[in-house]
Amino acid sequence: MKTIDSLGDLRGKRVLVRSDFNVPLDGTTITDDGRIRAALPTLKRLTDAGARVIVMAHLGRPKGTPDPQYSLAPVAARLGELLGQDVVLAEDLVGPSAKKTVEALADGQVALLENVRFDARETSKADAERAELAGELAQLADAFVSDGFGVVHRKQASVYDVAQVLPAAAGDLVLGEVESLSKATGDPERPYAVVLGGSKVSDKLGVIANLLTKADRLLIGGGMVFTFLAAKGLSVGNSLLEEDQIETVKGYITTAEENGVEIVLPVDIVAADSFAADAPHQVVGADEIPDGTIGLDIGPESGKLFADKLADAKTIAWNGPMGVFEFEAFAAGTKAVAQGIIEATAAGGFSIVGGGDSAAAVRALGFDEAGFSHISTGGGASLELLEGKELPGLTVLAD
Ligand SMILES: Nc1ncnc2c1ncn2[C@@H]1O[C@H](COP(=O)(O)OP(=O)(O)O)[C@@H](O)[C@H]1O
Ligand SMILES: O=C(OP(=O)(O)O)[C@H](O)COP(=O)(O)O
């Protein structure tokens, strides 16, 4: 991949950087700033080189129109604190405020553009629409640095199309992530266990087809569980369910049997009366989730089972919390898996934790990050890399 060095002398140059600042928020408070910290080395390198740095990023999944709850204002404030300089937030992406903000930048200063997903062209499936936005972004800058590893699996204007119209390079975070993850992409040491959870169920179900040809064990937790249980004919109450994926999941279960891949499902579930921190809840068998309840964590027996299935693994990839760890009552499953992975790593295994929320969970639950071999800032991105896919945001940076 092209590196920042290939961009030549950057003093006085306007450098557009794509970062992944999709951080967890409680209102306007950032509850984990790991992704902002991970962006600092590249940003400091650029400011030290005298570049005028224009950062763009997304937050959440707004619907292609400005939505104050997804403003990057909290990120601009935190980034400024971490960089030790004011970071001005433009009020738009490519409009008058962005242009004015970029014009006002001095060498070594950093500005942030407002959420790229406030513009519907960013995520458009139509190439021409994304290219149009990329053209407008390109007018703001002289070069492009792609450093949002968590979004390199997205064929979006600020990730993919803009790299085709400006001199482009991979930032240090992207290069470091690809290097660390490459240890598990080629010929992973076996047993190879993949743990999947979280709430982006439809996105992440997609990676399973490929993983069934690579992994030895697939442990399913989090919101993923219920589509699997439904595929086995069980009822899941009001839990997260991708009804249109049930047939696909039945196919995965058959393929897993054919390929000798073990799919490990929870045997018990913490079922709650509502989605709330203080919701009344009970541990039930995975085959007896009461009508009207929501499964918000895997149960204690499942935590033990999962840790057991991880104990002898030599390669482990984990993406997605096992439950709603943000609420203490539903964090035990995630703790059990994190602990199991730490022990397998200490016993000589290679472990990768990927994803904004998974990495945040490791920190929030008090685990030592050094207990894992690599903590990736990307969940979907690291999984797609591990399944052997070509990621558009990386191929576009090829030398
Ligand atoms: N059973 C569940 N029901 C609903 N949400 C869940 C469940 N288990 C986990 N989650 C949620 O999944 C979210 C993280 O999902 P995701 O974005 O896919 O992970 P990551 O950011 O690590 O890739 C967390 O906020 C967590 O609360
Ligand atoms: O949080 C992210 O991905 P992750 O949850 O897979 O780690 C990235 O910022 C990508 O966000 P998206 O999945 O809305 O494109």
Side-chain angles (χ1 to χ4, degrees), residues 18-26 31-32 34-36 38-39 57-63 70 75 115-117 122-123 148-156 158-159 177 195-207 220-229 236-242 266 269-272 274-277 279 281 286 289 293-299 302 317-334 337-338 352-364 375-385 391-393:
R18 177 55 157 107
S19 294
D20 181 358
F21 290 152
N22 193 22
V23 290
L25 286 176
D26 185 358
T31 53
D32 184 86
R35 278 182 165 158
I36 307 179
H58 74 283
L59 182 65
R61 292 177 169 176
K63 304 266 173 277
Y70 295 113
V75 170
N115 195 333
V116 288
R117 292 187 183 171
E122 164 70 1
T123 55
F149 177 73
V151 282
V152 291
H153 59 316
R154 304 287 184 217
K155 195 173 183 181
Q156 297 176 349
S158 68
V159 179
E177 290 267 21
V195 192
L196 289 181
S199 58
K200 290 181 180 172
V201 181
S202 54
D203 270 18
K204 289 170 190 177
L205 278 173
V207 306
I220 307 288
M224 288 269 176
V225 164
F226 307 101
T227 309
F228 277 80
L229 295 179
V236 298
N238 291 340
S239 309
L240 206 58
L241 175 65
E242 294 287 334
I269 293 289
V270 184
S274 63
F275 191 98
H281 54 275
I289 299 174
T293 63
I294 315 173
L296 293 186
D297 195 10
I298 60 171
S302 310
W318 172 30
N319 172 247
M322 295 295 99
V324 182
F325 73 93
E326 296 91 336
F327 301 153
E328 206 188 327
F330 309 109
T334 304
V337 161
I352 293 162
V353 183
D357 290 301
S358 306
V362 163
R363 292 186 279 265
I375 299 193
S376 171
T377 53
S382 60
L383 280 177
E384 290 195 19
L385 205 62
L391 308 192

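Positions are given from 1, in the same order as the sequence printed here. Not measured: the values here are computed from a predicted model. Just follow the structure's listing: the first ligand is 1, and inside any ligand the first atom is 1.
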Counting heavy atoms only, which of [options] is nearest [atom]?
atom: atom 12 (O) of ligand 1; options: Ser199, Ala272, Pro321; answer: Ser199
atom: atom 2 (C) of ligand 2; options: Lys204, His153, Arg117, Lys200; answer: Lys200
atom: atom 10 (N) of ligand 1; options: Gly323, Gly222, Gly378, Ala271; answer: Gly323

Considering only heavy atoms of [X], which atoms of ligand 2 have at least one such atom less than 4.0 Å away?
X: Asp20; result: 8 (C), 9 (O)
X: Arg61; result: 12 (P), 13 (O), 14 (O)
X: Arg154; result: 12 (P), 13 (O), 15 (O)
X: Gly356; result: 7 (O)
X: Gly150; result: 8 (C), 10 (C)
X: Gly355; result: 7 (O)

Under 3.5 Å: N/O of Ala381 near N/O of ligand 2: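 For ligand 2, there is no N or O atom that lies under 3.5 Å from one belonging to Ala381.
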Contact (N/O only, under 3.5 Å) between Asn22 and ligand 2: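 For ligand 2, there is an N or O atom that lies under 3.5 Å from one belonging to Asn22.
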Donor-acceptor contact present, side-chain [X] to main-chain [Y], <3.5 Å:
X: Ser358; Y: Gly355; result: no
X: Arg35; Y: Asn22; result: yes
X: Thr293; Y: Gly237; result: no
X: Ser302; Y: Pro266; result: no

Can you name the nearest heavy-atom pair linking [X] to [Y], along with the distance?
X: Ile289; Y: Ile269; result: CD1-CG1, 4.1 Å
X: Phe21; Y: Leu59; result: O-CD1, 3.7 Å
X: Phe325; Y: Ala331; result: O-CB, 3.7 Å
X: Ile375; Y: Val362; result: CD1-CG1, 4.2 Å

Region of Arg35 engaging ligand 2 - heavy atom pairs below 4.0 Å: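 Side chain only.
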Under-4.0 Å heavy-atom contact with ligand 2, by part of Glu384 that carries it: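 The answer is neither.
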Lys/Arg N to Asp/Glu carboxylate O, Asp203 vs Arg154, below 4.0 Å: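 Between Arg154 and Asp203 there is a salt bridge, with a charged N closer than 4.0 Å to a carboxylate O.
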At a 4.0 Å threshold, what atoms of ligand 1 neighbour a non-hydrogen atom of [X]?
X: Ser358; answer: 20 (P), 22 (O)
X: Phe226; answer: 1 (N)
X: Asn319; answer: 20 (P), 22 (O), 23 (O)
X: Gly223; answer: 1 (N), 2 (C), 7 (C), 8 (N)
X: Lys200; answer: 17 (O), 18 (O)

Atom 6 (O) of ligand 2: nearest protein contact (heavy atom, Å):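 I find the closest protein heavy atom is Gly380 N, 2.7 Å.
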Backbone or side-chain N or O of Gly197 under 3.5 Å from ligand 1 N or O: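 No; the residue has no nitrogen or oxygen that sits under 3.5 Å from a nitrogen or oxygen of the ligand.
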Sub-3.5 Å N/O-N/O distance, Asp357 and ligand 1: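 It does: an N or O of Asp357 is found under 3.5 Å from an N or O of ligand 1.
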side-chain contact (heavy atoms from CB on, under 4.5 Å) evaluation trace for Phe330 with Ile294: CA-CA 11 Å; Phe330 309 109; Ile294 315 173; over 6 Å; no
No-hydrogen, no-angle side-chain donor-acceptor test under 3.5 Å, Glu122 and Ser158: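 The criterion, which ignores hydrogens and geometry beyond distance, is satisfied for Ser158 and Glu122.
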Rounded distance (nearest 0.5 Å) linking atom OG1 of Thr334 with atom CG of Asp297: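 Rounded to the nearest 0.5 Å, the OG1-CG separation comes out at 5.5 Å.
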Heavy-atom gap His58 to ligand 2 smaller than 4.0 Å: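 Yes.
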